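The structure under discussion appears below in the form of structure tokens.
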Amino acid sequence: MKGVLLVEDDLPLLILGEKLLESLGYRFYGASNGREALRQLKANGEHIHLILLDVHLKDESGIKLLPQLQAEAPFLPIVFNTGYTDPQSLAELQRHEVAGILPKPYGVEELAALLERLVGK
Amino acid sequence: MSTTLTAHLATIFEAVEEGILVFGPDKTLLAFNGPAKRLLGPLTSGQPVTDFEPQPDAQAWTRENRQAAPPTRHCFRRQGALVFVRDDSAALIAEIEHSRVLNMAAHELRNPLATILGFSEVLTDPHLERDKADTYLGFIHQKASRMNDLVDTLLDLSRSELGKSIPLTLKKHPLATLAAEAIKALADDYETTAVQTELPELSLTTDKKKFRKVLIALLENSLKFGADQIKLSARAEADQLTLTVSDNGPGIPAEHLDAVWQKFVGFDAPNGRAHGPGLGLTMVKSVVAALKGSVGLATSPAGTTVTLTLPLGEA
């Protein structure tokens, strides 16, 4: 079973992500802040095949966290998750080395298509 | 043409608001007025009309670059051409601002919607356990309340910008209770032990919900920007209440001082915390004005102090 680390500071969205990922047959790893995300990656890195990273975390910006996650797991695909979907914000995010951008709100179909494309079943 | 008429025409030429460029039949600049120089920068007689062709980035105006656009259309006749130049940058800036505000509002509404849509779908599962369903319903309620709060704030801001009054429900409330409720509302997300209160035992006539939002916004700014000592104090003099929130945070950089009052302009904290919707101080200002009070802000690298002055209301 492939694993996905969801970094999301909003508890309901973290729980919702868990439900969606499990319903799609992925193992869920959750983190509500940057420190916890790095800890999860160190502890479970070998089981994690993709990171879904919220751009606006309360304790630090996902953009600032990105290089730290990439240093820890250089070959892991990382996808930004954001509610800012205006062209200017998206263009700004695309400048970073990420495997994709998943706009919020996302449904089970968008998530399934993204995961299948980047990590397979 | 009489000398008087020429003099009148020269006066009008300089007095009009629009810039005027006069080109001869050879398509070179013959004359221009003061407003044209002000809008387009230095001009010299004899300049070819091609100097005034639109630049590729003529539409890319920003707040910092309010330079007027060159004329985009000219029609030459045998005698030459008159070109009028008008500065439309204020309208364009307003349009850009309007679009920015709409984008930010859409984002702020979309975030809670993600939870509402997602869990309402999960709740259709007939095998879902009762306790989980209750938790998910709680999430939906919490996010819907947040959307409601946000819509209220946006409507209040819009009314205030249009010069209309914000509807208030005024009642007498003990100040200490209002403060305690505001601090409690922040306890899930912040270390609120940093907040010390020094409040006299008094009640004020205010709109409970809106006043609480003001206190939450001020305290949250201090907490978010890394202050670990925050003092909420108040004193009453005659029929006025002076309420102060002071902190030992890093202060507001001088270049952000004007922007902090603008709606949907937020700044990331130096400790890495991302900014919220950027409505806090804008809302504080409009609510305090509606309560017939005033707000002041003093900041330095050693901390920030926000002072509200409000009428105590009926004794």
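Every value quoted in this text rests on a predicted model; they were computed, and no experiment measured them.
Taking CZ from F139(B) and CG from L16(A), the interatomic distance works out to 9.5 Å, rounded to the nearest 0.5 Å. Interatomic distance, K132(B) NZ to I15(A) CD1, rounded to the nearest 0.5 Å: 9.5 Å.
Within a 6.0 Å radius of CD in E110(A), more than 12 heavy atoms belonging to other residues, nucleotides or ligands are found. Counting heavy-atom neighbours within 6.0 Å of H47(A) NE2, excluding the residue itself, gives a total above 12. By the neighbour-count criterion of 12 heavy atoms within 6.0 Å, atom NZ of K2(A) is densely surrounded, having more than that number from other residues, nucleotides or ligands.
Residues D10(A) and K143(B) are paired through a salt bridge, judged by an N-O separation under 4.0 Å between the basic side chain and the carboxylate.
Checked against P105(A) for a side-chain contact (heavy atoms from CB on, under 4.5 Å), the options N111(B), T115(B), L117(B) give a single hit: L117(B).
Closest non-hydrogen pair, L13(A) versus A114(B), comes out as CD2-CB, 3.8 Å. The shortest heavy-atom contact between R110(B) and K104(A) is CD-O, 2.6 Å.
In this structure, the portion of L128(B) lying under 4.5 Å from any heavy atom of chain A is its side chain and not its backbone.
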